[in-house]
Amino acid sequence: MQSQPQSAPRRRHKPALIALTLVAALACLVLAWWQWDRYESASGTAQNLGYALQWPAFAIAVVYAYRRFVVLEASPEEQAKIAADAHGATTIPDGLLPDRPTTPSASAFGTTSNPDDDADLAAYNDFLKNLRNSEAPRAERGTT
């Protein structure tokens, strides 16, 4: 018994994908027809004409995208071409871009760890304490 030579793999088109492509292309063409009717009406504008010309281009793009998908799915050579054309991350040479400004950390401002060492901060805290104490009797009386 002789073995038969293997033929090229048969393309398998998915019916759901074909239906989706046809529906999307037909929808684009219907929208183009509708925009053309709007353009020819009394209230039509140049914008309607522009849309009437764009929608068929969208239908062509949908069909092209489906065709390209099928070719890439079925042909390992096409996939290898795309993989060879893909570039990895590129490096930017030093000195090409300006240096990024940096935000200084809190320690760079020379803050003291003890708040009592700062006379202005101690005076402000005393002011807030006196303010709170002066408002406490009013709150107890129920007046504001």
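In this structure, the side chain to side chain contact (heavy atoms under 4.5 Å, CB included) partners of W34, at least two apart in sequence or on a different chain, are L31, R38. For L97, the side chain to side chain contact (heavy atoms under 4.5 Å, CB included) criterion is met by I92, not counting sequence neighbours. In this view, R67 satisfies the side-chain hydrogen bond (donor to acceptor under 3.5 Å, both in side chains) rule with no residue, not counting sequence neighbours. Under the side-chain hydrogen bond (donor to acceptor under 3.5 Å, both in side chains) criterion, E40 pairs with W36, not counting sequence neighbours. Looking at residues two or more places apart in sequence or on another chain, you find a side chain to side chain contact (heavy atoms under 4.5 Å, CB included) between L72 and R68, E78, I82.
Distance check: Y124 OH to L128 CG gives 4.5 Å after rounding to the nearest 0.5 Å. Between the CG atom of D37 and the OG atom of S41 there is a distance of 8.0 Å, given to the nearest 0.5 Å. Note: L121 CG to D126 CG = 9.5 Å, rounded to the nearest 0.5 Å.
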Exercise answer: donor-acceptor pairs, residues 46-66 side-chain atoms, under 3.5 Å, sequence neighbours excluded:
{"residue": "Q47", "atom": "NE2", "partner": "Y51", "partner atom": "OH", "Å": "3.2"}
{"residue": "N48", "atom": "OD1", "partner": "T45", "partner atom": "N", "Å": "3.0"}
{"residue": "N48", "atom": "OD1", "partner": "T45", "partner atom": "OG1", "Å": "3.3"}
{"residue": "N48", "atom": "ND2", "partner": "Q35", "partner atom": "OE1", "Å": "2.8"}
{"residue": "Y66", "atom": "OH", "partner": "H13", "partner atom": "ND1", "Å": "3.1"}

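L26 and L20 sit in two unconnected hydrophobic clusters of ILVMFWY residues. Membership requires side-chain heavy atoms under 4.5 Å apart, directly or through other members.
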